Amino acid sequence: DIETLLRMNYNQDKSLVAAKKILQTHHHLDMKPLLDWGLDLLPRVVAWLDRFAESRPDLKLSSIFEFVRAMPTEVGNGVAGKRNGTKRRR
């Protein structure tokens, strides 16, 4: 409700207030606008979710999954590194 959102403004930590408002009003975070940044942004997204979405593990996991799912090639190349096409030693 609007009164709750307005009461939050009294908190001195404005980044916390903004994050709480985002998390309260959005049940799903759309990662598509962030995809243009590529995987370079993924650590920051994870850090933001760790800091502010502690009580929303479902939101954390679904947001990270959506981010990574949109870039399977980049994630696969990042995991495989430069050894693409070579066999694993046993």
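Basis for what follows: all heavy atoms, side chains included, without hydrogens, waters or symmetry-related copies. Predicted model only: the values in this text are computed from it and were never measured.
Criterion: ILVMFWY side-chain heavy atoms under 4.5 Å apart, direct or through other members. Under it, Val45 and Leu16 are part of a common hydrophobic cluster. A single hydrophobic cluster is not seen to contain both Leu41 and Leu61; linkage of ILVMFWY side chains at heavy-atom distances under 4.5 Å, directly or through other members, places them apart. The cluster map of Ile, Leu, Val, Met, Phe, Trp and Tyr, joined by side-chain heavy atoms under 4.5 Å apart, puts Leu23 and Val46 in the same cluster.
Interatomic distance, CG of Leu49 versus CD of Glu54, reported as 11.0 Å (0.5 Å rounding). The CZ atom of Arg7 sits 11.0 Å away from atom CD1 of Ile2, with the distance rounded to the nearest 0.5 Å.
Legend: residues meeting side chain to side chain contact (heavy atoms under 4.5 Å, CB included) with Arg51, ordered by chain and number and at least two apart, are Asp13, Ser15. With sequence neighbours excluded, the residues that form a side-chain hydrogen bond (donor to acceptor under 3.5 Å, both in side chains) with Lys60 are Asp50.
Closest approach of Asp30 and Glu66 over heavy atoms only: OD1-OE2, 3.6 Å.
Other members of the hydrophobic cluster containing Met8, listed by chain and number, are Leu5, Val17; membership follows side-chain contacts under 4.5 Å among ILVMFWY residues, whether direct or relayed.
Sparse packing is recorded around NZ of Lys32, with 12 or fewer heavy atoms of other residues, nucleotides or ligands lying under 6.0 Å away.
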